[in-house]
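Following: one structure in structure tokens, then a few remarks.
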Amino acid sequence: MTTHHTAVLGRNLTDPSRAVHDKDLEAGLKPPVFDEIVIPEEFGPVDLVVDDLKVKRFAFTQDDHGDWYLRAGPDGPRIGHAGLLANDLLQLFTLHYAASQVVGLHTEEELWFDRPVLVGQRVRLAGHYVDTYERRGQGYVVMEADARDEDGRTLVRHRGVEIMRTTPGEVAGRGSAGGGSGRRVSDAYDTSLPLAERLGGGTVTGMGLEPLRKEITFEQMAVFSRIGEFVTNIHDSLVTARAAGLAVPIVQGQQLVCYLAELLTRAFGAEWFRTGWLRVKLLRPVSVFDGVEAAGAVREVEHDGSRTRIGLDVWVRRGDGSLAAVGWARGEVPTGRPARGILPFTGNG
């Protein structure tokens with residue numbers, strides 16, 4: 001008799017209350033190794049409820065307690081953060097693979113934002129593996145997934161690349177700032193221009209974004225990385241991190257991606273939830289207790305009547321000044337909306 005995974009409707013990918021009765025929460029799941037991957041391999045669908053606690057939990061992990069998420073959204077009803085479902089989509093593969101045995105490395109992430117997620121909404125997540133390849137002795141897998149509302153309309157789409165099994169302490173930091181298009185990310189911007197807090201029709205190329213600074217605690221990392229579902233990994237366990245060749249736990253790459261999503265939400269406003277696109281390459285790990293700075297610079301501005309499309313380079317810098325992640329972003333704003341900025345601090349006067 002074949003047993004099929006059936007998701008319990010809740011706020012998580014799995015139901016942690018199973019621990020009351022089940023001794024092994026990952027019994028019957030495959031080991032997360034490259035040789036076990038099947039192409040194509042389907043994950044889900046899984047139904048989740050975006051309830052008040054799910055949103056508040058994410059707000060804690062990101063230290064992002066904006067009014068849209070906790071009081072009222074731009075159109076009235078409360079909405080979830082842009083990155084709220086990003087980790088659920090990334091982690092869909094753990095419906096088939098044992099999550100607490102995963103010692104992988106997330107290397108690339110791509111997200112499309114089609115509609116805001118409403119608090120109280122029921123969403124359906126599904127995904128599949130689409131490709132595998134080997135490079136520098138490491139096995140990579142590519143997954144595509146999306147979250148849809150009850151009418152089947154997409155809310156968020158995901159494409160991620162991950163090394164399925166590795167020693168993070170040995171391979172971290174091998175990435176580069178180049179993209180598939182050949183254009184490298186640059187962290188340079190025109191310091192004579194105001195730093196943009198909010199983008200608008202008057203945005204000009206070369207303008208930098210007002211940086212977003214974060215101090216990351218172990219508690220935030222652990223909650224983001226599913227300790228509430230009793231998942232043990234290199235992000236929420238000192239023992240597991242050291243067994244993987246790390247001195248201390250490291251921040252999940254998807255958490256850094258969500259910092260960029262927050263930065264871009266601030267820059268584009270409500271338009272980001274309907275027009276946003278973000279692609280990120282994860283270069284170096286960020287250790288627990290380190291601080292990071294997410295920032296960006298405008299590279300393209302294209303006016304099309306009442307709409308203006310803006311393209312940016314974005315990045316996340318570690319406390320020591322090195323780049324942890326780089327990426328490319330694009331979104332739209334109303335042409336008639338003014339840009340809002342502040343003059344950068346020059347150290348003079």
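All values derive from a computational prediction rather than experimental measurement.
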| Are F289 and V223 grouped together when hydrophobic residues (ILVMFWY) are joined by side-chain heavy atoms under 4.5 angstrom apart? | no
| query | Between the side chains of E293 and W315, is a donor N or O closer than 3.5 angstrom to an acceptor N or O? | reply | no
| task | Could you tell me which residues satisfy ring-ring contact (aromatic ring centres under 6.0 Å, His included) with Y97, sequence neighbours excluded, listed by chain and number? | result | none
| Taking all non-hydrogen atoms of both residues, which atom of V49 and which atom of K54 are closest, and how far apart? | O-CD, 3.9 Å
| Shortest non-hydrogen contact between G202 and A339, atoms and distance | C-CB, 4.4 Å
| query | Is the shortest distance from a Lys or Arg side-chain nitrogen in R279 or E108 to a carboxylate oxygen in the other one below 4.0 Å? | reply | yes
| note | The ring-ring contact (aromatic ring centres under 6.0 Å, His included) partners of H235 (sequence neighbours excluded) come to none
| note | Closest heavy-atom pair, F113 versus A261, reported as atoms and distance to 0.1 Å, is CZ-CB, 4.5 Å
| Beyond-backbone contact of R226 with T14, side-chain heavy atoms, under 4.5 angstrom | yes
| task | Consider only side-chain N and O atoms of D190 and S192, and report whether a donor and an acceptor are under 3.5 Å apart. | result | yes
| field | Minimal non-hydrogen separation, A297 against A188, with atom names | value | CB-O, 3.7 Å
| Which atom pair, heavy atoms only, marks the closest approach of E229 to L13? | OE1-N, 3.7 Å
| Side-chain donor/acceptor of E26 to backbone N/O of S100, under 3.5 Å | yes
| task | Please determine if D114 and R157 form a salt bridge, counting it only when a charged side-chain N lies under 4.0 Å from a carboxylate O. | result | yes
| message | I need the single residue from H158, H128, H96 that forms a ring pair (Phe, Tyr, Trp, His ring centres under 6.0 Å) with F43. Which is it? | response | H96
| Separation between CZ of F230 and CG of D236, rounded to the nearest 0.5 Å | 12.0 Å
| request: Rounded to the nearest 0.5 Å, what's the gap from CZ on R115 to CZ on F273? Could you check? | output: 14.5 Å
| query | Hey, are R318 and D290 close enough for a salt bridge, meaning a charged N less than 4.0 Å from a carboxylate O? | reply | no
| query | Would T335 and T308 count as having a side-chain donor-acceptor pair, cut-off 3.5 Å? | reply | yes
| query | Around E215, counting heavy atoms of other residues, nucleotides and ligands shown, do more than 12 lie under 6.0 Å from its CD? | reply | no
| request: Might you point out which heavy atoms bring V333 and E271 nearest each other, and give the distance in Å? | output: CA-CG, 4.2 Å
| field | From CD1 (I234) to CD (Q252), nearest 0.5 Å | value | 9.0 Å
| query | By salt bridge (charged side-chain N to carboxylate O under 4.0 Å, His left out), which residues pair with E197, not counting sequence neighbours? | reply | R340
| query | If you round to the nearest 0.5 Å, how far is CD of Q91 from CD of Q254? | reply | 8.5 Å
| message | Strictly below 4.0 Å, N to O, side chains only: are R284 and D320 in salt-bridge contact? | response | no
| query | Quick one: do D63 and K214 make a salt bridge, cutoff under 4.0 Å? | reply | no
| Below 4.0 angstrom, N of the basic side chain to O of the carboxylate: do R330 and E302 qualify? | no
